[in-house]
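This report refers to the structure that appears directly beneath it.
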Protein chains: 2
Amino acid sequence: MEERHAIQTSVDPVIFTVFDGQLHTLVVKRTIEPYKGCWSLPGGLVDTEQDLDLHSAALRKLKEKTNVAAPYLEQVETVGSASRDPRGWSVTVVYYALMPRPEIALAATHGASEVRWEPVTDGTAAIPLAFDHEKLVRLALERLRAKVGYTSVAVHLLPEPFTFLDIQHIHEVILGRKVEKKSLMRRYLGSGVIEEAQGARKEGRMRPAQLYRLKDRRTIHYFTRTMEGPREE
Amino acid sequence: MEERHAIQTSVDPVIFTVFDGQLHTLVVKRTIEPYKGCWSLPGGLVDTEQDLDLHSAALRKLKEKTNVAAPYLEQVETVGSASRDPRGWSVTVVYYALMPRPEIALAATHGASEVRWEPVTDGTAAIPLAFDHEKLVRLALERLRAKVGYTSVAVHLLPEPFTFLDIQHIHEVILGRKVEKKSLMRRYLGSGVIEEAQGARKEGRMRPAQLYRLKDRRTIHYFTRTMEGPREE
DNA sequence: CGTTCAAGTGTCTTTGAGCCACTTATAATA
DNA sequence: TATTATAAGTGGCTCAAAGACACTTGAACG
């Protein structure tokens, strides 16, 4: 009776960051069977002794691998079936997290186990992942892409302070297409999600750009319309 | 080791239907402790012996209580914590389902246990529910309200064939405000989600209305913009 | 045959996206 | 000091779709 209903339950955070003009996600090398030696998401079983709820379980996993305490974190979807783990029925709650590229070296923060940023190209990670984790990455990316179109989530990937060119680049990297500078400025200036920071960034011999920071790093703003993409003719 | 990680896992479908000009949700009376005698969502534990995955577990619960095999069903969110069930750590995956008001009597389809439609007013059920089920209903309703604004989900609550007045009423009941007839016609006629059905409904001595049906009862259509609500002045 | 009433249409205003040319500010160079 | 290159930022157009609401249409009934 008990055995039929108690299920192995994990959280799998898909941690996104952007550098080198590419979206990356954090993967760790598995040290135990099954899939020993394969790369996988930095998730793991919920621990009923130390986790109060699912959200804090996801935060714990995040903290263990990246040492970042308070990124933007959002639940995506839950997948569970008899077949996704060879050991039997299992459930995993998928999250995605956005953070600026951490300065600290990853390996140092997590002792022995291997950790690294894997580029996400065209919807999936470049290397094969354990279990159904490639599908989980795809789910998280789909959600992120949709949400970037009608909210201010994308800027949570930027270190502060940032310029409008940074905002534009981050949108273009996530969506994989050009976006209109003017549309972004209308949105972000009109909504009050960002505020001016001191100073201005000058790069090379061009006009210096105004610097901004987020007013609130824990919430996102919902714009009234979705970005439409390029016009057809 | 096993005990710390294997968690009681359930699915809780919030089943919506509309009649008497009100949104209703299906509740059942609990026959066992805890919360014996209280009303609750028609959910229950995932059964690893008979359920292949979470979605089919939700469909099974639905079939057991309503005898409806193929409604519109969508995952909302997963909540899990040490405190939501007095017996200990538990996880539940919340779904919402939309169906036309079933003609058959509910009690007859499910033997002994009491089942009934409870009106959902102003965001919550009118009576208190077991566990955190009122919060789960609120989560499902929030999702439904948001989604009605930019998709064709709402019509999955209508029995076929239906008229444009039916479409308008269903939107007004869910959103709790007046909706522009013209906007709905632009959306639904322009998108091809509905098709004309034979005949026309005449009520009283007015002009008869064209009847429609859904082209596909398993999917929904995403419109390009969200409804905006009334203009302020 | 005219009245009644919802069904359905015409059409104006408003909002915000896409597009793209134009002006502005800085630093390197002549 | 003047010129020029380059990115920063603005102005202003077109377009699609929402809101608002008056208008026309058509069947039923006296």
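None of the values given here were measured: they were computed from a predicted structure. Just the heavy atoms: all of them, side chains too, but no hydrogens, waters or symmetry mates, feed the values below. Every chain is numbered from 1 and lettered A, B, ... according to where its sequence line falls, protein lines coming before strand lines.
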Using a 4.0 Å heavy-atom cut-off across all strands, classify Gly190(B) as base, sugar-phosphate, or nothing.
-> nothing
Touch class at under 4.0 angstrom, heavy-atom based, for Thr163(B) against every strand present = nothing
Say whether, by atom type as modelled, one donor and one acceptor occur between the side chain of Glu172(A) and the main chain of Val179(A) under 3.5 angstrom.
-> yes
Chain B contact limits on DNA chain C, taken 5' to 3' with a cut-off of 4.0 angstrom to heavy atoms | dT4(C) to dT14(C)
Using the closest heavy atom to pick a nucleotide of DNA chain C for each, name whichever of Pro208(B) or Glu228(A) lands nearer the 5' end.
-> Pro208(B)
Would you find a donor on one side and an acceptor on the other, under 3.5 Å apart, between the side chain of His55(A) and the backbone of Asp53(A)?
-> no
Please determine, by modelled atom types, if Gln210(A) and Tyr212(A) share a side-chain donor-acceptor pair under 3.5 angstrom.
-> no
Distance, rounded to the nearest Å, where Arg207(A) contributes CZ and dA8(D) contributes P | 9 Å
Distance-only donor-acceptor test (3.5 Å): side chain Arg225(B), base dA18(D) = no
What is the distance, rounded to the nearest whole Å, between atom CD of Gln168(A) and atom C1' of dG9(D)?
-> 12 Å
Flag for Asp51(B)-Ser56(B): side-chain donor and acceptor within less than 3.5 Å = no
Between Thr25(A) (side chain) and Ile15(A) (backbone), is there a donor-acceptor pair under 3.5 Å?
-> yes
Main-chain N/O of His24(B) paired to Thr17(B) side chain as donor or acceptor, under 3.5 Å = no
Would you jot down, in residue-number order, the residues of residues 178-186 of chain A having a non-hydrogen atom under 4.0 Å from DNA chain D?
-> Lys181(A), Lys182(A), Met185(A)
His171(B) NE2 - dG19(D) P separation (whole Å) = 11 Å
Heavy atoms from other residues, nucleotides or ligands near CD of Gln198(B) exceed 12 (cutoff 6.0 Å) | no
For Glu118(B), all residues meeting side chain to side chain donor-acceptor pair (under 3.5 Å), sequence neighbours excluded | Arg116(B)
